[in-house]
Amino acid sequence: MTQEERQNFFKGMAFLAPWLFGFAVFTAIPICLSCYYSFCDFSLTVPRRAPLWIGMDNYRQLMHDSLFWKSLGNTVYYVAMALPAGMLVSLGLALLLNAKIRGQAIYRAIIFLPSLIPAIASAMVWMWMYNTQYGLLNYLLGKVGLPPVAWLGEKGAMPSLALMSVWGVGNTVIIYLAGLQDVPRELLEAAEIDGAGAMRRLFSVTLPFLTPVIFFNLVMGIIGAFSILTVPYIMTQGGPNNATYFFTFFNYDEAFKFLHMGYASAIAWIQLVITLALTGIAFWSAKKWVHYG
Amino acid sequence: MVSTVAMKFIKPVIFAMLAVIAGIFLILGSRQNTSDVPPGFTVVEYWEKWVGNEATQMRIIVDDFNRTVGHDKKIYVRYLSMTDIDQKTLISIAAGVPPDITGTWDTQIAQFAAIGAVERLDDLAKARGITKDYYLPVYWDGCSYEGHLYALISTPGVVALLYNKQIFADCAPQLRAAGLDPDQPPRTLDEFDRYAAVFDLKDKDGRLQRAGYLPLQSWYIPQLGLWFGADIFDAENHRMMLDSPAMLNTFEWIKSFSTRIGGQTLLNFQNAMGNTFDSPQNPFLAGKLVMQQQGPWMANYIAHLKPSFSQLLMPTSEEWKLKDRASNYGWGVAPFPSAVPDMENVSYDPFDALMIPAGAKHKNEAFEFLAYVNQQDVAEKICTLHCKNCQLRHVSEEFLTHHPNPYIAIYQQLAASPNAHCVPVCAIWPEIYKELLDSAQAVTLGEEPAVALKLAQQRMAERYDRFITLERRREQLGIN
């Protein structure tokens, strides 16, 4: 390393130092500590009450905890509904918004607007939309002679939350729209000259070029859907009868209501492993369906 | 060329300006405001969970203290009201910078004491003559955990039956037809159920428009067993009793409402109300709910949200005559009827607690404030402001006659009753609370009470056993 390279290295490190410090103090060290605490009985009140090493006991206990399985099942069910629904709707909207039509910018703004609304405000609005007795949706159903639906009832709550998640796809739509600008126009024109119809051009040209963006949204969607908390916390508080009690909600209760920080750390690590495993599967499968260039 | 030269100067100027701004923020920025503290005074940091009116009313007490006792003893209480105080208190303890006083709920006393998050107050209380005899027994018991005192009370509460006298009068013919007296509240649980059934009102589509009583609307679902003679937790023998016969009767009673009205119909109606406690849409104030369990503070909310409900006939000058006021109010209060014959004046008695977090820097000075809040005149003042009963064994005539709730004597009597109950003193109470809420929802939606309670008992017994096992291991290893 020459002197200039060394100087550049130190300059670079100096600029990086604030971030590195922040990352170490607020991310890396807490992650390592939470791993250690997941093997402890720990309730935050150090030094009065030191963490007690209990080995795998938290993890063993979790395997016997019916709420752990219930919340995990709920989360997987939600991800299975919300993820494909969100991806399909956002892709569909992006394709529509990519069409050259009058007022394109206005339509784009309308689709993007809901994602600017804070999650809590959205949840409050949707609570009233879903209200069984006075809600807008049941009012409209009544107008066409259909019976009211218990949107946030034991059976309806989960699909209703998944439906609501589609409301905030504006960000994903924008990413798809950006991806669509990268689809080479000459390829689309060549396909058209060769006689390919709109659907054929979509499946044979547009979508293959869009696969890196679809993949990105898939990974972000998995992470986002697995960590859902705010909306059910506001709308259903996990009910009725734990029908919307998600994994993150379970973790929150154990950590901050029941003060089992060790147990909650174990839950967080299991959540991380599950999310990593699903992301890993997505990466593994990406070799078969994602086309870069 | 010009722009290159200009940029050469502009960059350092911008950098210097940013550096100066950052420096100003560092020097003059966020720091504790000490200007309000007289020199030589010890500052006691007091965090309180109340926000809104109740926080403002407590500030009056803090200001009184700072002006009187605090001034004499050179103690200054700095008051900060906030949400999520339990979490913030714990995090501050972990960080080594706890407040000197934390104002939380009774449900956290055993939980915090069990994990060493709060200081024992036995010696401090004894030194100032604050003993069990000074308090109503139910509140003293709730402040203690495993024989030690961990909290004093800021304001107490009692849960009684609150009913809408106007709807009682409107439904007089139907009540009389059912053999019930429209001028009296129900006296037995059987009567209560019959009253509730008369008040239930459905529209042509089968939707509930008015409910006599909603078991799941109560804040006190896990405590409903008290009116059936149930003990949820046997503190002496460290035993959960969630599936006892009395609890089974309680949950059979909860289920009887969904059997009569329909579980989903009940939940739909309840959800339709939303979270409207502190709003004119409060189902009780809106006439959608005729009877409920509530504390004395409701009089303040009624006065604020629906004043006409409390001032039907009496002119203002006559307002303070409690007896006359009560007879003219649109709402009434009575002991919630018990399911057990001869068991009268059963009540649940929640309260707001003041605790000293572990590691607090000014423990003695903090206790001066706790003791001040529990002086009879001060306790009566804050309880009057908050519209609550008083935690003390003896209250003045003035307190009873000038209280904003004309039914305060009933509440005071309930709190003094041998059948008054505080929150179960159990380190895992928040978990039991959630479990019983879940069970009540399950039962309302069709689950058999015996099945739901058996599962709850099994889960909570396991959790409590684990807690005890870990505590013993800590004792053996000397890790406390």
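Below, chains carry the letters A, B, ... as their sequence lines are ordered, and counting in each starts from 1.
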Under 4.5 Å from any heavy atom of chain A - which part of [X]:
X         : value
Ala452(B) : neither
Leu477(B) : side chain
Gln458(B) : neither

Contact winner vs chain A - [options], heavy-atom pairs under 4.5 Å:
options                         : result
Gly359(B), Gly116(B), Pro98(B)  : Gly116(B)
Ala427(B), Pro430(B), Ala117(B) : Pro430(B)
Glu431(B), Gln209(B), Glu447(B) : Glu431(B)

Interface residues of residues 59-67 of chain A facing chain B - heavy atom cut-off under 4.5 Å: Gln61(A), Asp65(A), Ser66(A), Leu67(A)

Select one option (side chain, backbone, both, neither) describing which atoms of [X] are under 4.5 Å from chain B's heavy atoms.
X         : value
Trp128(A) : side chain
Phe256(A) : both
Pro147(A) : neither

Does [X], at its [atom1] atom, have more than 12 non-hydrogen atoms belonging to other residues, nucleotides or ligands within less than 6.0 Å?
X         : atom1 : result
Glu4(A)   : CD    : no
Tyr233(A) : OH    : no
Tyr139(A) : OH    : no
Ile120(A) : CD1   : no
Lys202(B) : NZ    : yes
Met129(A) : CE    : yes
Phe9(A)   : CZ    : no

Within 45° cone of Tyr245(A) ring axis and under 6.0 Å: Lys434(B) NZ or CZ: yes

Closest heavy-atom pair and its distance - Trp53(A), Arg473(B): O-NH1, 4.2 Å

Residue pair Leu44(A) / Ile91(B), side-chain heavy-atom distance below 4.5 Å: yes

Evaluation steps, side-chain contact (heavy atoms from CB on, under 4.5 Å), between Asp57(A) and Arg466(B): CA-CA 10 Å; Asp57(A) 200 48; Arg466(B) 184 166 192 257; 3.2 Å; yes

Under the side chain to side chain contact (heavy atoms under 4.5 Å, CB included) test, residues paired with Asp41(A) that sit two or more places apart: Arg49(A), Leu52(A), Ile54(A), Leu470(B), Arg474(B)

Distance in Å, Asn241(A) CG paired with Leu445(B) CG, rounded so as to fall on 0.5 Å steps: 6.0 Å

Pair listing, side chain to side chain donor-acceptor pair (under 3.5 Å) test, anchored in residues 105-115 of chain B, at least two apart: Asp86(B)-Gln108(B)

Contacts of residues 263-272 of chain B with chain A (heavy atom under 4.5 Å): Gln264(B), Leu267(B), Asn268(B), Phe269(B), Asn271(B), Ala272(B)

Any donor-acceptor N/O pair, Thr45(A) side chain to Ile115(B) backbone, under 3.5 Å: yes

Side-chain donor or acceptor of Gln87(B) paired with backbone N/O of Lys257(A) under 3.5 Å: no

